[in-house]
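Single-structure report; data block below.
A, B, ... follow the sequence lines: proteins, then strands. Residue 1 opens every chain. Note that this is a predicted model, so its numbers are computed, not measured.
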Amino acid sequence: MRVTIRLFARLRDIVGAAELDRTTPDDATVQRVWHDLVAEFPDAAAYAGSVSVAVNAEYARMETTVRHGDDIAFLPPVSGG
Amino acid sequence: MRVTIRLFARLRDIVGAAELDRTTPDDATVQRVWHDLVAEFPDAAAYAGSVSVAVNAEYARMETTVRHGDDIAFLPPVSGG
Amino acid sequence: MGTPQLAVTTEPLELDSLIASVSAPTALDGDPGVGAVNSFLGLVRRNNLGRSVLKLEYEAYEPLALRAFERIAEEVADRWPEARLALHHRTGVLHVGEVSVAIAVSSPHRTDAFAACRYAIERVKQIAPIWKREFFEGGDVWIEGATADPDDAAAREDAYRRACV
Amino acid sequence: MGTPQLAVTTEPLELDSLIASVSAPTALDGDPGVGAVNSFLGLVRRNNLGRSVLKLEYEAYEPLALRAFERIAEEVADRWPEARLALHHRTGVLHVGEVSVAIAVSSPHRTDAFAACRYAIERVKQIAPIWKREFFEGGDVWIEGATADPDDAAAREDAYRRACV
């Protein structure tokens, strides 16, 4: 199935794109999508311990199951304010 | 010697004037001026335990010695803000 | 700036000008600059102790009030050296919803801005020679709070405690 | 009102309109009315960690940021039922002295207004999906603070602690 990956701030700089379309296995979790992203962009591994995730603009967890067409965002530590 | 007595809020209402000119003995303290005021306006006695005083627009104490021409203010508990 | 940092006035209070006066850049070498401004407005509340408020009438012993504000500014500067304070209090007749007191405090960091602003309003309530008379449905009453004593260490400690320091 | 209570915008922030939106009278029976408004402004500081800041560039994941703000508003309503909150965050390029975030909280009494406002800015810093890139003399760097996790109970406790409750 296809998912959209959305990236922000330094993670976007590392990947070189704000949005990616990728294929992931049916019933994949967000963790799987992240794992594949790190395989493709090894520098993203620096965020393994600190990244937050959102699915369809709602905060989610690495364990969340992904569905076809989902919009998955990986968020580095935030610095608003 | 002559002093000016300045009164505020409910204390002014009790006395019926915002300012009074009164005579007080040389070397009188603020306490003496207050004592004489209460003798003249007995309802002011309600403030014996809560009144603050200022002399010439500086906070002072009942023990402060008064001089000729001083401006002595008696302040009920404050309620600014 | 045009706006005095400390004032007692019968005019409506303008928070924006207070904020501008504490957040304008300084020429000081090594000044980290302003990162946070905390502001406080006190408004005439519709209801007080179950009474329907019609209006408040504020009176001040003005020269002493300004000295009290200066003292508060000095206390703030002692405890929060990087903070800048502006404090205006209005007098006269105020209706429900109108602003009676406005305070703005800037600082490089937010913790100090919040604390110093809270400290300032607590001290205003403790030591500013200002009184309000409340006109409510059915009567009127002078409101009386604290016995003003700038040297009362316990009151000052209480203000620090409320400022969460 | 015209002004939304919660917003992410590239436009300059106007604290007055936030304050107006939280202090306008309500039609609620028995509403005690607003007696206090506490406000917070975050500004671009001239100096950060010894670096001379030239500008900041803020970016947000906007739909999620608005949901985070809604969540913060709900948390505030849970803890301070009489408080009303407005919270705007700016994005894009901001220069030194410009306002990046504005918060206004009204309440019948000042303790709640101060606490809820402080709580709100702490939560913004914890969970709003917003990032700033700092351009300073000699380079630029993405600022990274907290790992955003709205369900992190320890973070929320920390925000309450900073709000002095």
Side-chain angles (χ1 to χ4, degrees), chain A residues 3-22 29-35 37-38 41-81, chain D residues 8 13 40-45 48 56-72 87-91 94 99-103 117-118 120-134 140-152 155 159 162:
Chain A
V3 296
T4 300
I5 298 171
R6 207 178 274 277
L7 300 153
F8 294 90
R10 199 161 87 82
L11 208 38
R12 187 193 51 227
D13 290 353
I14 287 170
V15 168
E19 253 183 76
L20 298 172
D21 282 308
R22 288 293 180 271
T29 59
V30 174
Q31 179 74 59
R32 171 62 189 260
V33 179
W34 171 253
H35 177 269
L37 185 77
V38 170
F41 304 97
D43 287 352
Y47 288 93
S50 63
V51 72
S52 296
V53 300
V55 175
N56 301 330
E58 292 279 11
Y59 276 112
R61 307 234 153 243
M62 282 294 187
E63 304 74 43
T64 303
T65 302
V66 171
R67 285 177 294 195
H68 178 73
D70 272 357
D71 186 319
I72 299 159
F74 292 110
L75 317 172
V78 298
S79 56
Chain D
V8 175
L13 304 182
F40 177 76
L41 297 176
L43 284 76
V44 179
R45 201 174 51 237
N48 190 33
L56 298 181
E57 196 175 329
Y58 279 88
E59 95 177 53
Y61 183 16
E62 247 190 77
L64 184 61
L66 284 172
R67 294 195 183 210
F69 289 1
E70 285 162 10
R71 184 179 174 120
I72 292 167
L87 161 51
H88 290 196
H89 204 299
R90 195 171 167 195
T91 54
L94 275 74
V99 174
S100 55
V101 59
I103 303 175
C117 186
R118 180 71 195 264
I121 183 61
E122 297 305 320
R123 294 297 276 162
V124 167
K125 286 173 175 278
Q126 290 175 351
I127 69 168
I130 301 176
W131 300 267
K132 55 181 165 246
R133 183 174 199 158
E134 181 188 307
D140 69 81
V141 61
W142 281 104
I143 308 295
E144 296 184 343
T147 293
D149 179 359
D151 297 323
D152 179 346
R162 287 169 187 253

Is it true that, when you exclude A/Arg67 itself, more than 12 heavy atoms of the residues, nucleotides or ligands shown sit nearer than 6.0 Å to its CZ?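 Atom CZ in A/Arg67 is not crowded, with 12 or fewer foreign heavy atoms closer than 6.0 Å.
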Which donor-acceptor pairs under 3.5 Å do side chains of residues 73-81 of chain A form with protein atoms, sequence neighbours excluded?
unit_1	atom_1	unit_2	atom_2	d
A/Ser79	OG	D/Lys132	N	2.9
A/Ser79	OG	D/Ile143	O	2.7

Do you know which of A/Ser52, A/Ala9, A/Ser50 has the most heavy-atom pairs under 4.5 Å to chain D?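 Going by pairs under 4.5 Å, I would pick A/Ala9.
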Tell me, for [X] versus chain A, whether the close heavy atoms (under 4.5 Å) come from the side chain, the backbone, both or neither.
X        : answer
D/Ala60  : backbone
D/Gln126 : backbone
D/Trp131 : both
D/Tyr58  : side chain
D/Pro129 : both

Using 0.5 Å steps for rounding, measure from the CH2 atom of D/Trp142 to the CG atom of A/Leu11.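 D/Trp142 atom CH2 to A/Leu11 atom CG measures 11.0 Å (nearest 0.5 Å).
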For A/Phe8, does its backbone N or O pair with a side-chain atom of D/Glu59 as donor and acceptor, under 3.5 Å?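 Such a contact is absent between D/Glu59 side chain and A/Phe8 backbone.
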Evaluation steps, side-chain contact (heavy atoms from CB on, under 4.5 Å), between A/Tyr59 and D/Asp151: CA-CA 9 Å; A/Tyr59 276 112; D/Asp151 297 323; over 6 Å; no
With chain A, which of D/Val124, D/Ile121, D/Ile127, D/Val141 has the greatest number of heavy-atom pairs at distances under 4.5 Å?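 Highest number of heavy-atom pairs under 4.5 Å: D/Ile127.
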Count the heavy-atom pairs under 4.5 Å between each of D/Ala128, D/Pro63, D/Ala68, D/Ala65 and chain A, then report the option with the highest count.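 If we count pairs closer than 4.5 Å to chain A, D/Ala128 comes out on top.
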Please look at A/Val53 and chain D and tell me whether the side chain, the backbone, both or neither of the residue comes under 4.5 angstrom of a heavy atom of that chain.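 When you check distances to chain D, no heavy atom of A/Val53 falls under 4.5 Å.
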Which residues share a side-chain contact (heavy atoms from CB on, under 4.5 Å) with A/Glu58, sequence neighbours left out: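 Once residues adjacent in sequence are excluded, the partners of A/Glu58 under the side-chain contact (heavy atoms from CB on, under 4.5 Å) criterion are D/Arg67.
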What heavy-atom pair brings A/Ala57 and D/Leu64 nearest, and what distance separates the two atoms?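 Nearest pair, atom of A/Ala57 first, then D/Leu64: O-CD1, 3.5 Å.
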